[in-house]
Amino acid sequence: MKTAVIVFPGANCDQDMYYAIKDGLGEDVEYVWHAETSLDGFDAVMIPGGFSYGDYLRSGAIARFAGIMPAVIKAAQEGKPVLGVCNGFQILLEAGLLPGAMLKNSHLKFICETVRLKVENNETLFTSLYKKDEIIRIPIAHGEGNYYCDDATLKTLKDNHRIVFTYHGENPNGSREAIAGIMNRAGNVLGMMPHPERAADALLGSDDGLRLFQSILNHWRESAHAAYTS
Amino acid sequence: MKKVKVFITLKESVLDPQGQAVMQSLHNMDYPNVKDVRIGKYIELELEDTADVAAEVDEICDKLLANTVIENYRYEIEEEVHS
Amino acid sequence: MPLTHLEPSPEQIEQEKIYRTMGLTESEYQEVVRLLGRKPNYTETGLFSVMWSEHCSYKTSKPLLKLFPTKGKRVLQGPGEGAGILDIGDDQAVVFKIESHNHPSAIEPYQGAATGVGGIIRDVFSMGARPVAILDSLRFGDLNNSRVRYLFEEVVSGIAGYGNCIGIPTVGGELQFDDCYNGNPLVNAMCVGVMKHEDLQVGQARGIGNTVMYVGASTGRDGINGATFASEEISAKSDEKRSAVQVGDPFMEKLLVEACLELTKHEALVGIQDMGAAGLVSSASEMAAKAGVGIHMNLDLIPQRETNMTPYEMMLSESQERMLIVIKKGSEEEIKAIFARWGLHAVAVGEVIEEEVLRLEHKGKIVAEVPSDALASAPVRHMPSRVPAEYTANQAAPVWKPEITDLAGTVHQLLTQPTLASKEWVTRQYDYMVQTNTVVAPGSDAAVIRVRGTKKGLAMTTDCNAKYIDLDPLEGGKIAVAEAARNIVCSGGEPLGITDCLNYGTPENPEVFWEMEQSVRGMAEACRVFETPVISGNVSLYNETNHQAIDPTPVVGMVGLIDDLGRLTTASFKHEGDAIYVVGEAAPEFGGSALQIMLDGKASGKPPVIDLQLEKKRQDEVLSAIRKGYVSSVHDLSEGGLAAAAADAVFGTEFGADLHFETDPVTELFSETQSRYLVSVPEALRKEFEATVAGAVLAGSVTRSENIEMHFVTESVSLRRPELEKDWRGVLSCAMSAKN
């Protein structure tokens, strides 16, 4: 499996994502510069965290207009796995690949800590190696992770089992229904505030995030991956 | 050239934690008359005169300056600015 | 329209003594005239006044800094460059430096702290290293004061805002509260980087004819005279100088880091230096002076974001996120392309010349021409010193020892003092995990960062007990270094070297200068014993508000090497049934202790004494036990003594402890006698441990319980972990939600 890690100016978790896939998962991975226009030849796309373009207007607002974004949208439409983490999630929201928006954390401060997540849906290509309702430990690090959507959107998300992760225990940022990660209708685009790439090595405290990448790899192996590769 | 003042505010239904925090401290500072605080953004644009400045500003706001899932915007177009 | 004609003439500067308002003394001005062989014009006077300020020249502290050992087998770069460098084997090196941003933070705490972080990061990557960690040593006044709470909250936000955005983990530091910092907080930021030997860069302008380029953000009028400002006392008037504070842009700096590290690999790069304090003038003159050459610079080419800037303003601006580089002539386009890829401009603004002068051209005229090394050679000031009467009185004071009836209550009260309480309220605002190398997060004795691709780790800490130094600067100076080394050892690291940030009051006060002298002597002596050379540092003087000086606070930043992360240790107990040892005996030493300050409201008497030879021997033994895998946890005993250390060891775990002592309870629990450790050891390895660490006394065992039970001959103390921990964790958030 060959994975693209998109690099926006101001991204700062690009290397963490790269190493999680290269060292943790042991698969091929390449950085793709924001100004590129093609993702042909890649089997999965990662949009890492950070502060793209300084996040000065709104988190993710400027990144969605980057040269690479049409290719990300195309990859999503083709059914390739697309994972946006933290700022990557915010970019997916701004780009309209996922519904809703992010507000500042309810306590207004940046928060960095390892939190407990509940796997709400394990029947996705991202979570097949977790048990349903399993509690996992994954770090968060953000100032705007307070997920917001209107009632109708929330109902759609719930009805279609598109809420993949929720915070277990204390809600660290005030997000609606303690939502930590959601996916698109087709199930191949996942956005989440917690950082699975920071939980891919037991030396650093948790490797609960590694199974997310392994699930993607399993999916790729099981599916007719010939269709993905050119 | 036209100067455009854009005001971006959170939609009424969206909780504004920053505004709440400011209101709380105003109450602590003994300004009980303050009943609500909403914090927004103010952006100034300078545009070349075109046939339809308003249409262009609408587009800019919809596409980039505001996230219409949570924000509303309004703007004022001012007369000629000389630079 | 140029404004230069509004500037006073050289004659006016002399006759009206304008140089004095710009920061030069009478004799310094005369020295400038002598060096130039003529009267300086306004721009030149500005260049000298800022370069000869204490902040840039260390003219007052230089004689003391010479006392520090700066050489060692690992030293690749000592003081004098952006940051010092130490070899860590395998062709890799660690780069680090600490720097103060006290004065800007007192005026505009968010930006003051943020730009402090930004500046120290530039010092590290300008050496060719990738920054891997930030530590912050912070000191504030009394949290009951609303202004102090504001400063504290904004400083923490500023550090978080900058460090989180740029993607360098903030992994540790210190946080203390004391009334002496009410008007004058200390904000010291340390950055650590890792590099390959071959990437080492220095700030030199070698090669006649080579091109000088300006990279990064444009120049505005911000921070003009910031460096002079840092060398003055803070008074009510400082509020009017608000423009002296710079605004940081971490996004720009993130791009600058990536572009400069790419540049480091390019063979055309000759030298690189941060435009820090005193901006263009310091970077240009230092790069020229170090290489024994000159620089001709055309100021019309400097990227400017404001109009009508004068040469004086351009040269002295402290706009952030800018670097000056020297490259081989002819490679300008290649260098521009590297920066363009990151959306940054690189502009050729001058060239290296043979004549050893800094020559500035503006609108077709030469507006300043000064010998390059003159700016870097401020006349050294030898200040008089005097033993303070208070010191003599403290030395003569009888031993202080309190009567305590409620031991458990006292432990609770001690652990909920802001200085000893949990720092989580602060550390969770910092992204301490980005870069995914943080093996030990904030909260243990030292933070530990993995060196990616190896099994090695870097342990890092900042330490300074200013109360000890206030009572006895010589002894306190030794302890500051010893404690830092002890913290490194507790994590399983070998201390490598230090950087220091020397924060004091006004050196013209002979008693303050005596404190400087003595504490530096103590630190230097300890550095020799631990073989930890001083490789970089910073001096911050004039930390006074309305003539109230801070306690002398020379902060030690230390880095150690862990050769195998498999043998990493932390302070927390790990296994039920492990034996608990206390290493070192407690003497009734309470001068400057957390207990004394809590009960008396002030420090008095003598601080703990330290035997550096014993300290070194014990550190070697403890490190040896860690490396052999004999221990489960190690924690040093420092502020708050054994009481605080035992609580630290059970907090965040499901364990308690059962301890027995035949000593005096108050002394055993609260004394701050040096060179002591709390260690837990697997039952099966007790013999090996005891044979390795002399002076280890078995005190009890780790229990799976919610209580720390301490049995003394005359009485027993039972501490409840859950309640104690809850209150300990809540102190800062509770203080910060207080109403105005």
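For the numbers below, each heavy atom of this structure counts, side chains included, while hydrogens, waters and symmetry mates do not. Residue numbering restarts at 1 for every chain, and letters A, B, ... go by the order of the sequence lines.
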Pick one of side chain, backbone, both or neither for [X], based on which atoms fall under 4.5 Å of a heavy atom in chain A.
{"X": "C/N437", "result": "backbone"}
{"X": "C/Y432", "result": "both"}
{"X": "C/I166", "result": "backbone"}

Taking it one step at a time, do C/R341 and A/W33 satisfy side-chain contact (heavy atoms from CB on, under 4.5 Å)? CA-CA 10 Å; C/R341 188 174 127 81; A/W33 190 242; 3.8 Å; yes
Give the intermediate values and the outcome of side-chain contact (heavy atoms from CB on, under 4.5 Å) for residues A/D16 and C/M433. CA-CA 10 Å; A/D16 302 357; C/M433 296 188 245; over 6 Å; no
Who wins among C/V156, C/N164, C/L568 for the most heavy-atom pairs under 4.5 Å with chain A? C/N164
Counting heavy-atom pairs under 4.5 angstrom with chain A, the leader among C/R450, C/R452, C/E258 is C/R452
Could you look at A/A11 and say if it's the side chain, the backbone, both or neither that has a heavy atom under 4.5 Å from chain C? backbone
Okay, A/Q15 and chain C: the region with an atom under 4.5 Å from a heavy atom over there is side chain
When you compare the side chain of [Y] with that of [X], does any pair of heavy atoms fall below 4.5 Å?
{"X": "C/T438", "Y": "A/L204", "answer": "no"}
{"X": "A/P9", "Y": "C/F251", "answer": "yes"}
{"X": "C/E153", "Y": "A/K109", "answer": "yes"}
{"X": "A/C112", "Y": "C/Q429", "answer": "no"}
{"X": "A/Y19", "Y": "C/Q435", "answer": "no"}
{"X": "A/R198", "Y": "C/V434", "answer": "yes"}

I'd like to know whether [atom1] of [X] has more than 12 heavy-atom contacts from other residues, nucleotides or ligands below 6.0 angstrom.
{"X": "A/H107", "atom1": "NE2", "result": "yes"}
{"X": "A/K104", "atom1": "NZ", "result": "no"}
{"X": "C/R627", "atom1": "CZ", "result": "yes"}

Pick from A/N12, A/D201, A/D23, A/I111: which one has the most heavy-atom pairs with chain C under 4.5 Å? A/N12
Under 4.5 Å, heavy atom to heavy atom, which residues of residues 46-56 of chain A contact chain C? A/F51, A/Y53, A/G54, A/Y56
Euclidean distance, A/C13 SG relative to C/D431 CG, rounded to 0.5 Å: 6.5 Å
